[in-house]
Amino acid sequence: MDTYDIAVVGGGPIGCFIAQQLASKGRQVAVLEEHKIIGEPIHCAGLVTKRVLDITKCSQDKIVQNTIYGAVIHSPDGSNLTIGGDKAHALVINRQKFDEHLAQKAETAGATILLNHKVITTKKQHPALTLDIQQNEQMTSIHCQLLIGADGAHSKIRDLYGFPKPIEMLHGISAELSDACLDPKYVHIFVGSTIAPGFFAWVIPTNHHGTNARIGLCIGKHHTHPLNHYFTTLLQQPLLQGTTIMKRFGGTIPLGPLKKTVNDRIMLVGDAAAQVKPTSGGGIYPGLLCATHCSMIAEDAFQKQRLDDEFLRRYHATWTKEIGRELTLGMRFRRIFNNLTDRQFNKYIEKLQKQKIIDIINTYGDIDYPSRLALPLLRTTPSLLSLAPALLKRVKQ
Ligand SMILES: Cc1cc2nc3c(=O)[nH]c(=O)nc-3n(C[C@H](O)[C@H](O)[C@H](O)COP(=O)(O)OP(=O)(O)OC[C@H]3O[C@@H](n4cnc5c(N)ncnc54)[C@H](O)[C@@H]3O)c2cc1C
């Protein structure tokens, strides 16, 4: 039976990044990935900031498909608000190429990537852990000292060890389109109960000509129709007339970061720990940030031979210190957003239609840190609060 220092369950971006970090310190690392190909199937719109490339030290070549300068927000009543346009705010990446690149970096650093290896169960057998793995019809096992669960939204490791569950699971549907006619610099966001109740829909140009796009939407708990109905509504938008669907895919976004992310010899990271921005559903940047803490504490734990819960809790403390407040504020904002009616969306979006406010959004808007916009926005537009007493109450909570 093969023995590793660390077994990382999940060969997504977060698992591969951690594997690379730990293998480069000389640790014996195995990444167990249930699929036969890294990066498939895709469950991602691929909209990130440059910080993602900076953390992973990936060059833009082949990974970045387009640069986004602004957004057009569509109200339920059909009016819209354009923000940005001044500078590059986000990048559109090819998720499969990004994941492949991170997997290659992990292998180059010395990690072993085991594809078509689905972890079925794990057992703690002091001093090691045993993982039972399914490979085609056959069962195999490996041993490890430390287990890192980077196995995504439906994490098996989270369930096996009784970790808390994310507060919410959003279900989404997306597609790659061709034959579009878009301004390549702008993404489009649609809000309201007829198109994406409880979240939003998006149209993201994926090439510099605006002819290809990635579109999709997620819905919250309270919806009156199946997901496909909302997808059809999105496709009927005038913006998407004449386009051709090339590929469709689904996915789940876990929201509400876990209050506990370690246990004796176990750490959870990325979507498995719901380290996801509640306002946008973006999980790559916060997952990578938390992954840097995870790999640092794991390495320290090996050096000090302290793989116990008490020592590993430092990981929970450090990632929470770095990004916990932003994610908690995001959840609070999400609760407010969830309670808005279509009429309120129309009103608020109309309120934002002033050059002074748009300037504030352009200056402070940051998709990784949306809370940085809240204070300057409320200072210039206190009427945003007075519009809905419920909003005021919730912000004070
Ligand atoms: C519709 C949609 C759009 C999104 N758009 C964006 C976006 O624009 N920007 C952004 O930042 N984020 C976006 N996200 C979120 C982003 O995709 C995730 O946050 C990111 O993929 C998390 O990476 P991860 O490595 O933690 O998990 P994953 O990418 O889910 O990887 C987990 C891996 O674990 C494997 N696995 C699971 N169970 C097992 C098992 N038992 N044994 C072996 N392997 C296993 C899976 O096959 C998978 O490869 C989107 C998500 C969805 C659903």
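Order of appearance sets the numbers: ligands from 1, and atoms from 1 within every ligand. Only this structure's heavy atoms are used, side chains among them; waters, hydrogens and symmetry mates stay out.
Between T252 and ligand 1, no pair of N/O atoms sits closer than 3.5 Å. For ligand 1, the polar-atom distance check finds an N/O of E33 within less than 3.5 Å of one of the ligand's N/O atoms. Remark: ligand 1 and K118 share no N or O pair separated by less than 3.5 Å (distance only, no angle test). Residue G46 places at least one N or O, backbone or side chain, under 3.5 Å from an N or O of ligand 1.
Summarising the geometry of L170 relative to G220, their closest heavy-atom pair is CD2-CA, 3.8 Å, with the distance given to 0.1 Å. For the residue pair V276 and P286, the shortest heavy atom distance occurs at CA-CG, 4.1 Å. Among all heavy-atom pairs drawn from R306 and E310, the shortest one is NH2-OE1, 3.9 Å. When every heavy atom of I367 is checked against every heavy atom of V48, the shortest pair comes out as CD1-C, 4.4 Å. Among all heavy-atom pairs drawn from Y230 and A196, the shortest one is CD2-N, 4.4 Å. The minimum heavy-atom distance linking H43 with G251 is given by the pair ND1-CA, 3.8 Å.
The six-membered or imidazole ring of F190 lies away from that of F199, with a centre-to-centre distance of 6.0 Å or more.
With no hydrogens or angles considered, a side-chain donor-acceptor pair links D86 and H89 at under 3.5 Å. Side-chain contact, Q65 with R214: a donor N or O sits under 3.5 Å from an acceptor N or O. Remark: the N346 side chain and the K351 side chain contain no N/O donor-acceptor pair separated by less than 3.5 Å. Residues N212 and T206 bring no donor and acceptor atom of their side chains to less than 3.5 Å of each other.
Residue nearest to atom 1 (C) of ligand 1, selected from S174, G251, G172: S174 (by heavy-atom distance). For atom 4 (C) of ligand 1, the choice among A45, C290, G152 with the nearest heavy atom turns out to be A45. Within the set P286, A291, G283, the minimum heavy-atom distance to atom 12 (N) of ligand 1 is found for G283. Considering only non-hydrogen atoms, atom 22 (C) of ligand 1 lies nearest to D271 out of D271, V92, V8. Atom 20 (C) of ligand 1 has its nearest heavy-atom neighbour, among H43, R95, E34, R214, in R95. Selection from V48, I14, L47, T49 by nearest heavy atom to atom 7 (C) of ligand 1 gives L47.
In summary, the atoms of ligand 1 found under 4.0 Å from a heavy atom of H117, numbered by their order in the structure, are 42 (N), 43 (C). In summary, the atoms of ligand 1 found under 4.0 Å from a heavy atom of I253, numbered by their order in the structure, are 51 (C), 52 (C), 53 (C). Near G270, meaning under 4.0 Å from one of its heavy atoms, ligand 1 places the atoms 26 (O). Those atoms of ligand 1 with a heavy atom of H35 less than 4.0 angstrom away are 47 (O).
Remark: R51 is positioned above the aromatic ring of Y285, its terminal NZ or CZ atom under 6.0 angstrom from the ring centre and at most 45 degrees off the axis.
Nearest protein heavy-atom contact of atom 31 (O) of ligand 1 is G12 CA, 3.5 Å. Considering only non-hydrogen protein atoms, atom 42 (N) of ligand 1 sits nearest to V119 N, 2.9 Å. Looking only at heavy atoms of the protein, atom 34 (O) of ligand 1 is closest to G10 CA, 3.1 Å. At the shortest separation from atom 14 (N) of ligand 1 among protein heavy atoms lies G281 O, 3.6 Å.
The aromatic rings of F337 and F333 sit tilted relative to each other, their planes meeting at an angle between 30° and 60°.
Neither the backbone nor the side chain of I173 comes within contact range of ligand 1; no heavy atom lies under 4.0 Å. Counting heavy atoms closer than 4.0 Å to ligand 1, residue I284 contributes atoms from both its backbone and its side chain. Under 4.0 angstrom from ligand 1, the non-hydrogen atoms of C44 come from both its backbone and its side chain. Within the 4.0 Å heavy-atom criterion, the part of A150 lying near ligand 1 is the backbone and not the side chain. No part of H154 comes within 4.0 Å of ligand 1, judged by heavy-atom distances.
Looking only at distances, no side-chain donor or acceptor of S75 sits under 3.5 Å from a matching main-chain atom of D77.
Using a non-hydrogen distance threshold of 4.0 Å, P13 registers as a contact of ligand 1.
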